[in-house]
Amino acid sequence: MRARDLMSTPVVSVTPRTTAKEAARLLASHGFTALPVLDDDDRLVGVVTEADLIRDRFPRDPRHHPADDDGTAGNAPPAIVGEVMTTPAIGMGAGADVVDLVTVMLTDRVRSMPIVDGSRVVGVVTRRDLMRVFGRDDKAITDDVRHRLSMYGGPDRWTVEVHDGAVSIGDEFDNATDRHVAGVLAAAVPGATAVDVTSQSADD
């Protein structure tokens, strides 16, 4: 799979001038953990996260004893995204392999990754997107694999079984090239974790 196969779109984004309050509202209403920050030319210039927005944001309880005050109560928190965002931001291409995408996200400990086409942000992949694909139902995967294979060799040539995301394909004929293509088509189906293609010809 490629990043384009599982990214969320259209992109919900903010600008450096967006207020922190508005960014927090967008995160909460969409259930996101981060938002890409775009400049006036729609280029990625940063990312703002939940942690960026809530840091030093809440006043002490008015019942708090003054003797325990750390002296920060009077500091006004940043008002706009540009003052709290992380920059520069990391983005990956729409054609990036999902394996590389996951590796970067885990290595850099990020929960979402902007997906770019040139300098333009075209989508976002979150850990939730990855979990949604990983947890996809076997029947849905089976139906998608069968649909793709029906356009390559006809609907009656292939048998397809899926168990916990692992795809097993049987080929009525014995053609190594066709089996390779079938494997590539099946591996690109969201939720497929492994693919095995075997010949079921009478000559085997």
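The basis for the numbers below is simple: all heavy atoms, side chains too, and nothing from hydrogens, waters or symmetry mates.
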Inspect the contact between [Y] and [X] and indicate whether a charged nitrogen and a carboxylate oxygen are less than 4.0 angstrom apart.
X	Y	answer
Asp137	Lys139	no
Asp178	Arg157	yes
Asp5	Arg2	no
Arg17	Asp40	yes
Asp41	Arg120	no

Where do [X] and [Y] come nearest, in terms of heavy atoms and distance?
X	Y	result
Thr193	Asp164	OG1-O, 3.7 Å
Thr33	Leu27	C-CD2, 3.7 Å
Val125	Met105	O-CE, 3.8 Å

Apply the test side-chain contact (heavy atoms from CB on, under 4.5 Å) to residues Val145 and Thr142: give CA-CA distance (whole Å), side-chain angles for both, the deciding distance (0.1 Å), then the verdict.
CA-CA 5 Å; Val145 172; Thr142 301; 5.9 Å; no
Ignoring hydrogens and geometry beyond distance, is a side-chain donor-acceptor pair present between Thr103 and Asp100 at under 3.5 Å?
no
If we count only N and O atoms by modelled type, under 3.5 Å, do the side chains of Asp171 and Ser199 hold a donor and an acceptor together?
no
Drop me the distance from [X]'s [atom1] to [Y]'s [atom2], to the nearest 0.5 angstrom.
X	Y	atom1	atom2	value
Ile80	Met85	CD1	CE	9.0 Å
Leu53	Glu22	CG	CD	11.0 Å
Thr159	Arg146	OG1	CZ	8.5 Å
Glu161	Ile141	CD	CD1	14.0 Å
Arg55	Glu50	CZ	CD	12.0 Å
Thr9	Arg4	OG1	CZ	12.5 Å

Given 3.5 Å as the limit, does a donor-acceptor pair link the side chain of Trp158 with the main chain of Gly153, or not?
no
Donor-acceptor pair, Thr87 side chain versus Val45 backbone, under 3.5 Å?
yes
Is any side-chain heavy atom of Ser13 less than 4.5 Å from a side-chain heavy atom of Leu35?
no
Would you say Ile169 and Val195 make side-chain contact, with heavy atoms under 4.5 Å?
yes
